[in-house]
There are 2 protein chains.
Amino acid sequence: MATARTSTTDAEQGSAAQRDRRRRILEATLALASKGGYDAVQMRTVAERAEVALGTLYRYFPSKIHLLVSALALELEAIQDKLSRKPIPGDTAYDRTLYVLNRVTGALQRDPMLAEAMTRAFMFADPSASAEVNAVARLMEEMFTRAMHDGEPTADDRAKARVIGDVWLSNLVAWVTRRASANDVVNHLELATRLLLH
Amino acid sequence: MATARTSTTDAEQGSAAQRDRRRRILEATLALASKGGYDAVQMRTVAERAEVALGTLYRYFPSKIHLLVSALALELEAIQDKLSRKPIPGDTAYDRTLYVLNRVTGALQRDPMLAEAMTRAFMFADPSASAEVNAVARLMEEMFTRAMHDGEPTADDRAKARVIGDVWLSNLVAWVTRRASANDVVNHLELATRLLLH
DNA sequence: AGCCGGATTAGAACACGTTTCAGTTTGAAC
DNA sequence: GTTCAAACTGAAACGTGTTCTAATCCGGCT
């Protein structure tokens, strides 16, 4: 209970040097993604910037998808961490959910290229990365479930949270591909939340 | 009113030879995707099988994504066509929607590799393919909107149809990446539909 | 200190999406 | 039938994700 670590599924093992390499790699990934999106995250460039050999990068992350989805998990954890620092405002599940949705959406929209890189990776992932993808999916579901109210969620709460997560993902994709504006996204999320939570 | 053509956004132009090339290309794409999924749809292979030069393939479809999403639109149209041939059974919007969902989901699950290829392409699409992606999105929305009841849909109907489409897409992705079983998908869809349509 | 096995490195090599180019074919206008 | 632009072809070439290899490095063991 003493350590307040980022409890990524498998982050804290290996020597200090190895943990540092992993950190450098993810750092480089986020920096490149933030500047140029999915295409700018080139494996050679990541390796160079993280000061590891290309082969080493592939030892840590077996594909570009694994790499980006792991980075996404890291980001989501950071967001969730910040969220859980203050209690969620709002009296109704509707208000609280909308608050969380806006916070998360805002965080992504503040860094569109990063959002693009991570969303495309998440959506393109094949079964070999399903562990990483599942970790992210669980994080999302948990975030929206907690939003509804404090205490134990019912099965119904979970179902609603999942639907909201689905709508959120779809809209994220639409926004990233410029089929929907930031405003569209906010409106659709609000509408969907209202439909689900009265 | 005489022609009962497949009214794809832009399918019916050019000489007969051109229409035939386009048809052969899409045919080859569907065959390859059906056999081996996204990875098996290799541009050189498609070109060879359609008996056109690689450059010609790229003249018709500027990227693998455009190609696959166009093929998806074609498939969706076919499904919708078959659907509209018989009236949708069910007395309530809930029943009717579930019927349509099961029909569409079933069609995709009957050809998992094809579903994988088209879903991944749809989700990975970048803004350059947004026209094609939008065409598909519109088809989906229309299908679910029509499912609710006959006649003009209200704004509320549309919103609900969109949410259902979002849930459907998310579950399709989860199924394709083997994070969810066919059964999971059916259950989640039913649950979401119930939540939305009472 | 010397040894060992796994981790790391630099770099070549391979696969496939995409681009480019020089030459040929096609078909519409005259 | 000739002419011309656009479409098509075959083939080479490029970029980036991924794999492979031989050499070197590192940390723990005796």
Side-chain angles (χ1 to χ4, degrees), chain A residues 10 13-26 28-29 32-33 35-71 116-118 120-129 132, chain B residues 10 13-26 28-29 32-33 35-71 116-118 120-129 132:
Chain A
D10 62 344
Q13 47 192 324
S15 70
Q18 285 173 327
R19 260 179 283 117
D20 198 56
R21 270 190 209 100
R22 192 187 154 90
R23 189 190 51 70
R24 290 205 309 274
I25 289 172
L26 288 168
T29 302
L32 288 168
K35 179 166 301 184
Y38 186 87
D39 289 338
V41 181
Q42 303 192 353
M43 299 306 269
R44 292 175 233 266
T45 315
V46 172
E48 197 180 334
R49 184 148 180 166
E51 297 185 279
V52 298
L54 189 54
T56 305
L57 172 52
Y58 272 96
R59 166 181 290 273
Y60 281 74
F61 299 95
S63 80
K64 177 168 175 174
I65 295 294
H66 288 78
L67 175 58
L68 279 168
V69 176
S70 299
E116 186 256 8
M118 305 204 293
R120 307 242 332 259
F122 182 87
M123 294 281 111
F124 191 59
D126 63 76
S128 79
E132 284 78 1
Chain B
D10 61 343
Q13 47 193 326
S15 69
Q18 285 173 327
R19 262 180 282 117
D20 198 55
R21 271 190 210 100
R22 191 187 157 91
R23 189 190 51 70
R24 290 204 310 273
I25 290 172
L26 288 168
T29 302
L32 289 168
K35 179 166 302 185
Y38 186 87
D39 289 338
V41 180
Q42 301 191 355
M43 299 305 269
R44 291 176 233 263
T45 314
V46 172
E48 197 179 335
R49 185 148 178 164
E51 297 183 280
V52 299
L54 190 52
T56 305
L57 172 52
Y58 273 95
R59 166 181 288 272
Y60 281 75
F61 300 96
S63 80
K64 178 168 174 172
I65 296 294
H66 287 77
L67 175 58
L68 278 167
V69 176
S70 298
E116 186 256 6
M118 304 204 294
R120 306 240 334 258
F122 182 87
M123 293 281 117
F124 191 58
D126 63 73
S128 80
E132 283 80 0

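Here is the naming used below: chain letters follow the sequence lines, and residue numbers restart at 1 for every chain.
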So which atom in [X] and which in [Y] form the shortest heavy-atom distance, rounded to 0.1 Å?
X: A121(A); Y: L68(A); answer: CB-CB, 3.4 Å
X: R49(A); Y: A28(A); answer: CG-CB, 3.8 Å
X: A117(B); Y: G37(B); answer: CB-C, 3.7 Å
X: T29(A); Y: V46(A); answer: OG1-CG1, 3.8 Å

I'd like to know if R44(B) and E48(B) make a salt bridge, using a cut-off of under 4.0 Å between side-chain N and carboxylate O. no
Listed by chain and number, what are the salt bridge (Lys or Arg N to Asp or Glu O under 4.0 Å) partners of R24(A), not counting sequence neighbours? D20(A)
Heavy-atom contact window of chain A on DNA chain C, given 5' to 3' at under 4.0 Å: dA7(C) to dA13(C)
Measure the spacing between NE2 of H66(B) and CG of D126(B) and express it to the nearest 0.5 Å. 7.0 Å
Inter-residue atom distance T56(B).OG1 - Q18(B).CD, 0.5 Å rounding: 10.5 Å
Trace of the side chain to side chain contact (heavy atoms under 4.5 Å, CB included) decision for M123(B) with F124(A): CA-CA 6 Å; M123(B) 293 281 117; F124(A) 191 59; over 6 Å; no
Among residues 44-60 of chain B, which ones have heavy-atom contacts with DNA chain D below 4.0 Å? R44(B), E51(B), V52(B), A53(B), T56(B), R59(B), Y60(B)
Toward the 5' end of DNA chain C, by each residue's nearest nucleotide, K64(B) or A17(B): K64(B)
So what does S15(A) hit on the nucleic acid, given a heavy-atom distance under 4.0 Å: a base, only sugar-phosphate, or nothing? nothing
Compute the angle between the rotation axes at the two ends of the helix from dA1(C)-dT30(D) to dC30(C)-dG1(D), each taken over five pairs, rounded to 10 degrees. 0°
List in chain and number order the residues that pass side chain to side chain contact (heavy atoms under 4.5 Å, CB included) with A16(B), two or more places apart in sequence or in another chain; answer none if no residue qualifies. R19(B)
Provide the start and end nucleotides, 5' to 3', of the part of DNA chain D that has atoms under 4.0 Å from heavy atoms of chain A. dT16(D) to dT19(D)
Ring of Y38(B), cation from K64(B) - is the NZ or CZ under 6.0 Å from the centre and inside 45° of the axis? yes
How about E132(B) and I65(B): do any of their side-chain heavy atoms sit closer than 4.5 Å? no
Do M43(B) and L67(B) come within less than 4.5 Å of each other through their side chains, counting heavy atoms only? yes
